[in-house]
2 protein chains.
Amino acid sequence: MKKDLTDRRMLRTRALLHEALISLILKKGYDGITIQDIIDKANVGRSTFYAHYTGKEDLLRSGFTHLRELLLEQQKQALAKRGDPKARSLGFSLAMFEHALEHRELYMALVGQRGGTVVMQQLRKVLAELVHDDIAATLKITTPDAKKREVIVEFVVGAFITLLTWWLDHKAKISPAEIDSIFRELVLHGITRSQDLPQK
Amino acid sequence: MKKDLTDRRMLRTRALLHEALISLILKKGYDGITIQDIIDKANVGRSTFYAHYTGKEDLLRSGFTHLRELLLEQQKQALAKRGDPKARSLGFSLAMFEHALEHRELYMALVGQRGGTVVMQQLRKVLAELVHDDIAATLKITTPDAKKREVIVEFVVGAFITLLTWWLDHKAKISPAEIDSIFRELVLHGITRSQDLPQK
DNA sequence: TTCAATAATGAACATCATGTCCTATAATGA
DNA sequence: TCATTATAGGACATGATGTTCATTATTGAA
């Protein structure tokens with residue numbers, strides 16, 4: 001196929017497929033969707049689908065370009081809106097939380113419980129236990145609010161898995177002690193003290 | 001089947017299946033593995049597999065109980081080893097980083113790049129851009145070390161996705177402004193100031 | 001309006017994974 | 001030794017995948 005990209009038929013087909021995908025994600029979650037579902041919902045021929053995308057993932061990926069532009073636009077507005085320089089650090093976050101609430105169903109289907117791998121779900125569970133006990137045993141965070149403790153545990157687990165993943169994916173050129181030091185500094189004191197992180 | 005749990009045949013079969021799974025994870029990653037692969041590798045009959053587990057996920061999940069016990073043991077030792085109370089906060093982390101380095105291949109296959117969903121990978125990419133620009137624009141972290149900036153971006157993205165996920169999964173009983181405030185406080189100043197988090 | 005280019009259709013097809021069922025065989029523990 | 005129970009392995013129905021091809025419909029440009 002020649003992929004004109006301005007041809008109305010192609011635009012129409014692609015739009016139909018994207019709409020079908022989102023509709024199906026809302027109904028049964030991304031993982032459960034089959035290509036058969038998509039082309040049925042979109043009323044598009046099987047061969048037509050493969051003429052545009054190599055598979056389910058390809059279709060999803062191409063859909064993210066829309067989200068990306070939307071978020072960039074929101075960030076631009078957020079940065080321009082407020083005057084206080086310090087208060088607007090990480091200004092993107094509130095906009096995104098609001099956006100998530102607005103499209104809650106879609107977000108839940110994508111990044112909610114079902115959004116993670118089995119592996120990740122299990123790992124998080126195991127780590128949450130560890131962190132919970134660890135924090136209770138060593139840090140004197142005397143919070144009667146159980147929900148607040150829960151958020152903190154989630155935060156620590158998320159940060160840990162994130163740094164672990166980053167470390168592993170980057171050939172682990174720094175030692176366990178170094179990445180551990182970075183992890184502890186960031187989790188305990190946040191990014192405002194990041195100049196204290198060990199060099200290299 | 002009666003599931004004796006002490007019958008040598010069952011123990012042997014289960015061990016074979018677990019070994020096959022790990023071996024295959026190392027070779028082609030969890031997602032690419034099929035049940036056919038597993039039973040071929042383990043030399044176990046198809047019906048036998050289904051007599052023990054309901055599917056691939058079930059087998060993997062049951063494997064995590066081993067890892068869990070291992071980590072709990074390590075944490076116990078870590079907590080008992082050192083004397084300084086403040087220094088041992090989050091003491092589990094170093095042990096786990098070391099453990100990850102030791103079993104690097106397995107960890108990479110499970111939590112590395114391939115460990116995440118397509119959705120998550122894309123979302124992280126989009127967010128990393130946002131965070132990078134945001135931090136550069138508002139925080140005056142004058143770090144010449146590009147790698148350090150990269151870690152910080154990863155940390156913020158991970159924390160954000162974690163809290164977003166938690167928030168969505170818990171019916172979002174708190175407002176966007178509240179969860180955003182929690183997010184910013186934790187990311188900017190860490191958990192040691194967590195008593196300053198907004199109530200409720 | 002005409003027409004060559006090209007996108008969409010839909011059916012057919014080979015391939016592969018899944019989960020279930022069954023009978024015969026082998027291993028086990030008492 | 002023997003009743004019990006797990007395993008082997010073949011057969012089967014089901015359903016998803018990705019490809020191919022001849023036909024039809026739509027499109028944009030002349």
Side-chain angles (χ1 to χ4, degrees), chain A residues 1-63 65 109 114 117-119 121, chain B residues 1-63 65 109 114 117-119 121:
Chain A
M1 202 157 62
K2 279 294 173 64
K3 290 202 176 182
D4 190 326
L5 289 183
T6 66
D7 190 306
R8 290 176 191 170
R9 292 170 292 181
M10 298 201 62
L11 296 177
R12 182 176 136 271
T13 296
R14 287 174 179 243
L16 283 173
L17 289 174
H18 276 113
E19 287 163 21
L21 178 65
I22 290 196
S23 156
L24 287 168
I25 284 177
L26 290 177
K27 197 167 70 182
K28 47 197 292 192
Y30 176 74
D31 285 338
I33 298 175
T34 174
I35 292 188
Q36 199 66 49
D37 294 334
I38 299 172
I39 62 182
D40 285 350
K41 188 87 180 184
N43 264 310
V44 158
R46 181 168 202 73
S47 48
T48 305
F49 177 92
Y50 284 105
H52 288 271
Y53 304 102
T54 66
K56 202 171 58 154
E57 290 196 6
D58 195 25
L59 174 59
L60 181 73
R61 232 188 307 271
S62 93
T65 64
R114 300 161 79 179
T117 320
V118 208
V119 180
Q121 285 172 16
Chain B
M1 201 158 60
K2 278 294 172 62
K3 290 200 177 183
D4 191 326
L5 290 183
T6 65
D7 190 306
R8 290 176 192 171
R9 291 170 294 181
M10 297 200 63
L11 297 176
R12 182 176 135 272
T13 296
R14 287 175 179 243
L16 283 172
L17 289 173
H18 277 113
E19 286 163 22
L21 178 66
I22 291 196
S23 155
L24 287 167
I25 284 177
L26 290 177
K27 197 169 71 185
K28 48 198 289 193
Y30 176 74
D31 284 339
I33 298 175
T34 173
I35 291 188
Q36 200 66 48
D37 294 335
I38 300 172
I39 62 183
D40 286 349
K41 188 89 180 184
N43 265 309
V44 159
R46 181 170 202 73
S47 49
T48 305
F49 178 91
Y50 285 105
H52 287 273
Y53 305 101
T54 66
K56 201 171 57 155
E57 291 196 6
D58 196 24
L59 173 61
L60 180 73
R61 231 189 306 271
S62 94
T65 64
R114 300 161 80 180
T117 319
V118 207
V119 180
Q121 285 172 16

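Here the structure is a predicted model, which is why all the values come from computation and not from measurement.
Contact of the Lys28(B) side chain with the Asp37(B) side chain is registered, since non-hydrogen atoms from C-beta on lie closer than 4.5 Å.
Rounded to an integer number of Å, the gap from Met10(A) CE to dA5(C) C1' is 14 Å. In this structure, Tyr53(A) places its OH atom 17 Å from P of dT17(D), rounding to the nearest Å. Rounded to an integer number of Å, the gap from Lys56(B) NZ to dG19(C) C1' is 15 Å. Following rounding to the nearest Å, Ile39(A) (CD1) and dA16(D) (C1') show an atom-to-atom distance of 10 Å. Straight-line distance from the CG atom of Leu11(A) to the C1' atom of dT26(D): 13 Å, rounded to whole Å. Distance, Glu57(A) CD to dG18(D) P: 10 Å, rounded to whole Å. Remark: P of dA17(C) and NZ of Lys41(B) are 16 Å apart, rounded to the nearest angstrom. Rounded to an integer number of Å, the gap from Arg14(A) CZ to dA7(C) C1' is 12 Å.
Taking CZ from Arg9(B) and CG from Leu11(B), the interatomic distance works out to 11.0 Å, rounded to the nearest 0.5 Å.
Nucleotides of DNA chain C nearest to Gly45(A) and Gly55(B) differ in position, and the one nearer the 5' end is that of Gly45(A). The residue among Val44(A) and Ile35(B) whose nearest nucleotide of DNA chain C lies closer to the 5′ end is Val44(A).
A donor-acceptor pair under 3.5 Å links the side-chain atoms of Lys56(B) to the main chain of Tyr30(B), judged by distance alone. Checking side-chain atoms of Asp58(B) against main-chain N and O of Gly55(B) turns up no donor-acceptor pair under 3.5 Å.
When all heavy atoms are compared, the tightest approach of His18(B) to Ser62(B) is NE2-OG, 2.8 Å. Considering all non-hydrogen atoms of both residues, Ile38(A) and Leu21(A) come closest at CD1-CD1, 4.2 Å.
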So Leu16(A) and Asn43(A), side-chain contact (heavy atoms from CB on, under 4.5 Å) or not? Walk me through it. CA-CA 8 Å; Leu16(A) 283 173; Asn43(A) 264 310; over 6 Å; no
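With Lys41(B) as the fixed residue, the side-chain contact (heavy atoms from CB on, under 4.5 Å) test singles out one of Gln36(B), Lys27(B), Glu19(B): Lys27(B). No option in Thr54(B), Ile33(B), Ile35(B), Leu17(B) other than Leu17(B) meets the side-chain contact (heavy atoms from CB on, under 4.5 Å) test with Leu59(B).
Among the atoms of the strands shown, none is found under 4.0 Å from any heavy atom of Asp37(B).
Under 4.0 angstrom from either OP1 or OP2 of dT9(C) there lies at least one side-chain N or O belonging to Thr48(A). Listed pair His52(B) / dT7(D) meets the phosphate criterion, a side-chain N or O lying under 4.0 Å from OP1 or OP2.
Between its opening and closing five pairs, the helix from dT1(C)-dA30(D) to dA30(C)-dT1(D) changes axis direction by 40°, a value rounded to 10 degrees.
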Nucleic acid footprint by protein, nucleotides 20-30 of chain C - heavy-atom cut-off 4.0 Å, B for base, S for sugar-phosphate alone: BB----BBSS-
